[in-house]
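The structure appears right after this line, and notes come after that.
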Number of protein chains: 4
Amino acid sequence: MPGNTIGQLFRLTSFGESHGAAIGGVVDGCPAGLPIDQHAVQMELDRRRPGSTPLGTARNEADGVEWLSGIFEGRALGTPMGFLIRNNDARSSDYDALKDVYRPGHADRTWEVKYGLRDHRGGGRSSARTTAACVVGGAIARQLLTRDGVQVNAYVSRVGEVALGGIPADLAPVWSSAVRCPDENTGARMAAIIEQARAEGDSVGGVVSCVVRGLPEGLGEPVFDKLDADLAKAMLSINASKGFQIGSGFAAAALRGSAHNRLSQGGLAGGISDGSDLFFDVAFKPPATIALAQETLNKTGEKVMLEAKGRHDPCVVPRAVPIVEAMACLVLADHWLRQRMARIGRT
Amino acid sequence: MPGNTIGQLFRLTSFGESHGAAIGGVVDGCPAGLPIDQHAVQMELDRRRPGSTPLGTARNEADGVEWLSGIFEGRALGTPMGFLIRNNDARSSDYDALKDVYRPGHADRTWEVKYGLRDHRGGGRSSARTTAACVVGGAIARQLLTRDGVQVNAYVSRVGEVALGGIPADLAPVWSSAVRCPDENTGARMAAIIEQARAEGDSVGGVVSCVVRGLPEGLGEPVFDKLDADLAKAMLSINASKGFQIGSGFAAAALRGSAHNRLSQGGLAGGISDGSDLFFDVAFKPPATIALAQETLNKTGEKVMLEAKGRHDPCVVPRAVPIVEAMACLVLADHWLRQRMARIGRT
Amino acid sequence: MPGNTIGQLFRLTSFGESHGAAIGGVVDGCPAGLPIDQHAVQMELDRRRPGSTPLGTARNEADGVEWLSGIFEGRALGTPMGFLIRNNDARSSDYDALKDVYRPGHADRTWEVKYGLRDHRGGGRSSARTTAACVVGGAIARQLLTRDGVQVNAYVSRVGEVALGGIPADLAPVWSSAVRCPDENTGARMAAIIEQARAEGDSVGGVVSCVVRGLPEGLGEPVFDKLDADLAKAMLSINASKGFQIGSGFAAAALRGSAHNRLSQGGLAGGISDGSDLFFDVAFKPPATIALAQETLNKTGEKVMLEAKGRHDPCVVPRAVPIVEAMACLVLADHWLRQRMARIGRT
Amino acid sequence: MPGNTIGQLFRLTSFGESHGAAIGGVVDGCPAGLPIDQHAVQMELDRRRPGSTPLGTARNEADGVEWLSGIFEGRALGTPMGFLIRNNDARSSDYDALKDVYRPGHADRTWEVKYGLRDHRGGGRSSARTTAACVVGGAIARQLLTRDGVQVNAYVSRVGEVALGGIPADLAPVWSSAVRCPDENTGARMAAIIEQARAEGDSVGGVVSCVVRGLPEGLGEPVFDKLDADLAKAMLSINASKGFQIGSGFAAAALRGSAHNRLSQGGLAGGISDGSDLFFDVAFKPPATIALAQETLNKTGEKVMLEAKGRHDPCVVPRAVPIVEAMACLVLADHWLRQRMARIGRT
């Protein structure tokens, strides 16, 4: 079973290579009758877009989403919603040097070993560009959730050594912050770290946190499709993510039960939402592609020096914020529908 | 779609409540002809068994696995392997007091809200006892992996404040250690922390680490079923787990790319195994059920004091070690089979 | 993905070989709170049981179903219902002669080619005995459907040359008829044909028809999981079935539209139930195993004469009636739940 | 789980309404490295195209398939292949009269009941136009099968009262026959029947037969995903199909075992292919939409007279031939891949 579909009842099937004709997908399982705000979808996509923050790559894609089906007179038909986003600004020639070289820390080599061939241009399907399809799917999922009062908000809580503690009450400032941090001072310090890394031809890691408010009780399917298990999978499927924790997370490992029982469980118990705020973190590594020359291998196994020429982000977390939200929305909408099955007398 | 099945090609469907007639499952997709060592399965189950370490609960289950189908003359038939484990030592009366009370930090309330009813005895299906079925499934998965030289070894790397750094070269001592830590001195300190928590009627959290050696290149399905994404999901489905990280994990968030590129990626790139050792951590919270009296809610919403009477582990990580291994084996066997699909010319 | 699971939301995973320890399964996705009448399940199983009609095999299995989980105080917990049926009267020695011989018209050879080994006793998993698990799952499904007024009734409409035309208004006499035909005279003629075939060491084919009354409008998922498509799959998965038709079926091929438009569509349009009675037929071939000596092949490819010694049905359709009902109930319960997803505003 | 995806390992997800922007789909699971002949795909699509035979509808769609991803330098990347076909010649105004009227024998009413709204133009997603996506997916599947020597050929074996008996040895003349019948004389009589029905403003039913040659032994997954069960489902998912039979089919019901055992089983035993030719039939009803005025219901439940204005086929079977082939190819490619899982030692 191929790995390009996520979700059981609300599901996104994604397609597309970074420098192919288009990326896109099919959103299936959206309940009929849902009013679809296509403008709002585009706004979410714009937040992920290269160029959306001055801290990102210089690649500029208009990233206009084109809808092909499933929406009629402003509402979901209950049929699959096909969509695509053309790849316009693909400077594939930037990648000619990579045809026979494997970039360190990238999927170039594993991909080629697995499939026997690859589209080397821009990383092909291993590029983070594929997450644009997730953002579109997530935006539809969010419109389903919003009707029920569910709010999904992510933000940058760490860049390198600079971290923001606690859960900010007001998340509105996220989108006016270049670094997507709701605290202005902390955000400025984070931005400085990113700019410094860029200036030095280097990159830096970070953490995106996400809080979900207004989630109903009872979402999550034991024992394997627990809500946190599905969130963990969705978050680890984002490019460059290396870890997921919910509630007290890894800090819980150092605690006594008497202390931990007084803390939030992160919004669920036994994998099922408990009606309180859901809270989780996603760790992102620093981008492997840096301007500094690095030693790597070519196809014939020889060591070569590589100086990357593509346009890359020195830190992925600002652009990862809308992706984390989108993946969370996809998981939550799926479980929101799955919850309809749990009991008799719920037609 | 109910959440009691894990895996696409190699899959386990699990059933059973803690104090019902039996727990069990169906292992499906095991390739025909695989020699099945039933004794080895029982040995793995014995490692998870209540009573397997002096640090665990006093509940004593023989936990003998009974095979019902799928094995013929010592080999897998290619048909589903049904199995069960009887619940013998279920002292359900311990739980009478819990019928109308929700234990803090447990799934009692979320379960009842979701389903409208629950089997309150021993936590019903939200009990960690259900993981015995995972251990059986994982043991079969391991026998498939072992033929190809894959070794999956977990161990306790943290209990409370005591942590073991680095990846031990020799993991053989794990099973002779009461706390399942391969380093004798560190293990002794961990055991002392657990005994102290028990003596004080309290509990403590910890971390289980897992290393996979001999894994072939090319396992993992982009973009949503990445190997690490499926591992994250499997680990977060284990009772009491709160976090997952692979390779540098959350530590990567604080690093520069120039430094991080010199580190191990944790055994994969772009979600596909790269042939090096796979390494990940799972965080476990301290058990919520402690002997200390705690304030909680009853069904009518009144605050009541609760003193737990069941037999519980003061720390789950020693017994979580075989479960982490089992869940990892289930994921790896599934991807080991899925890898057969990737290319033409591979019949 | 192994082929031992049917259904998306209401699903049965089946296991077991004819002469292994037990057959059984896991019913998952049954909504919590459904009252479960275990006695009614057993009654349905008794209708399929060898020995349930004087026209069947002489093999006598008590076929008592043992429930292992998922039911608590008479109601569905919302958790998987594990169950098993022991194989008591397995005279495996009857099959010793078949160890190295492939019976004509059976799955002996295809099974061995596919898997490289097989449990030759009683056909192993290719035996119709596996349908007992379907009957159990179908009986639970029926209890869900009955609450909503859905009635699923099958009957024998053809044995050899004797056919019953039209849809009988009164299906109550089915279970008092040895041949499971609601019309007494036709049933007597069918029984005579079966007895004659048995007397001559031969077998005979037939048709089971099924009518579903009280089905709500709107069940069925376009475009691939149409209600009739899922029914067709379920029916062709029954041993010895060779065809499926709905409504006018193959007769429609000979008709003009002006005439056909006046006929029933069989209870659906565009794959979605239309609120009228659903009606379909399933064709069954005559059992391949007959007492008459037949030429066949052994493992080394030599022609040998085979005289079957096992106890077999001269005609499968009387015993197929409860199986057709069970498979229909499984499909309908699944779509009954899936229908809950179709629109907004249906929590 | 929405019903727009077919297949487990080789899978097609389909989208699109008849008069929306486009129809299309995602082919996922095609093994990497497969040479893709895009011209051959287009040729198959042309065979289904409105206007491909003089016996079909007058609607004229160029139906050019546009590939969006998954193919690189003429070979499959192992990534999902997104594609679309624009709807150019959609004369939606033909359907204005149908906005508030339900056509007899169509899905208009069931669709609206299920979803609460519908795209009435050309039947929306219930239109047979959606099968164009199946033909594209099937054409890719065929290219996988052809490498292994598998040949899938369908043809018209019945129109109204005129039938072609037996399986023709030479199926090459199918595509030069307007009615898609390999026997010239029979084809001429079939064409006459269709033309007469058209002249009288009526329609007529028929049967499409399909023979698969060169299929390896061992395809099909017991017990629920038998090869014939999956074929039955695929065929019943085609618009206007009402029945499926394999091998002797419904004729088997009238036979004795001693006679039936001498016949072909239709290419399989126990749901698993046996290496002989696979043979099955699909029954199609006469199109419900006819030029003759018919009484029907409008939204408010009043009886109204309806004279259809759209351009429709008087008989679907000539155009159903490539669709039957495509659906068969999708099922066979899926099982061809699933077969890779069956045994150890098959990497």
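Not measured: the values here are computed from a predicted model. Every chain is numbered from 1 and lettered A, B, ... according to where its sequence line falls, protein lines coming before strand lines.
Contacts of Leu231(C) with chain D are absent, with no heavy-atom separation under 4.5 Å from either backbone or side chain. If you measure heavy-atom distances from Gln265(D) to chain C, the contacts under 4.5 Å come from both the backbone and the side chain. Using a 4.5 Å cut-off between heavy atoms, Thr5(D) touches chain C through its backbone atoms (N, CA, C, O) alone. If you measure heavy-atom distances from Phe284(C) to chain D, the contacts under 4.5 Å come from the backbone alone. Both the backbone and the side chain of Lys285(C) come within less than 4.5 Å of a heavy atom in chain D. Neither the backbone nor the side chain of Met235(C) comes within contact range of chain D; no heavy atom of the residue lies under 4.5 Å from a heavy atom of that chain. At a 4.5 Å heavy-atom cutoff, the contact between Arg256(C) and chain D is made by backbone and side-chain atoms alike. Of the two parts of Leu263(D), neither the backbone nor the side chain holds a non-hydrogen atom closer than 4.5 Å to a non-hydrogen atom of chain C. Of the two parts of Asn4(C), the backbone and the side chain both hold a non-hydrogen atom closer than 4.5 Å to a non-hydrogen atom of chain D. In this structure, the portions of Ser258(C) lying under 4.5 Å from any heavy atom of chain D include both its backbone and its side chain. With a 4.5 Å cut-off on non-hydrogen atoms, Asp281(C) touches chain D through its backbone and its side chain both. Only the side chain of Arg338(D) comes within contact range of chain C, with at least one heavy atom under 4.5 Å from a heavy atom of that chain.
When all heavy atoms of Gly249(C) and Ala283(D) are compared, the closest pair comes out as O-CB, 3.9 Å. In plain terms, the two heavy atoms of Pro222(C) and Tyr115(D) that are nearest each other are CD-OH, 3.4 Å. Closest of all the heavy-atom pairs between Val207(C) and Phe250(D) is CG2-CD2, 4.3 Å.
Distance CG/Leu227(D) to OG/Ser237(C): 13.0 Å, rounded to 0.5 Å. Atom CG of Leu117(C) is separated from atom CZ of Arg343(D) by 8.5 Å, given to the nearest 0.5 angstrom.
When each of Ala197(C), Ser273(C), Gly266(C) is checked for heavy-atom pairs under 4.5 Å with chain D, Ala197(C) comes out on top. No other option in Ala107(D), Ala253(D), Gly201(D), Gly220(D) has as many heavy-atom pairs under 4.5 Å with chain C as Ala253(D).
Ion pairing between Lys114(C) and Glu221(D) holds under the 4.0 Å rule for side-chain N and carboxylate O. Electrostatic pairing of Lys233(D) and Asp225(C) counts as a salt bridge here, judged by a charged N lying under 4.0 Å from a carboxylate O. Of the charged side-chain nitrogens involved, none lies within less than 4.0 Å of a carboxylate oxygen, so that Arg109(C) and Asp274(D) do not count as a salt-bridged pair.
In this structure, a donor-acceptor pair under 3.5 Å is absent between the side chains of Lys242(C) and Gln245(D).
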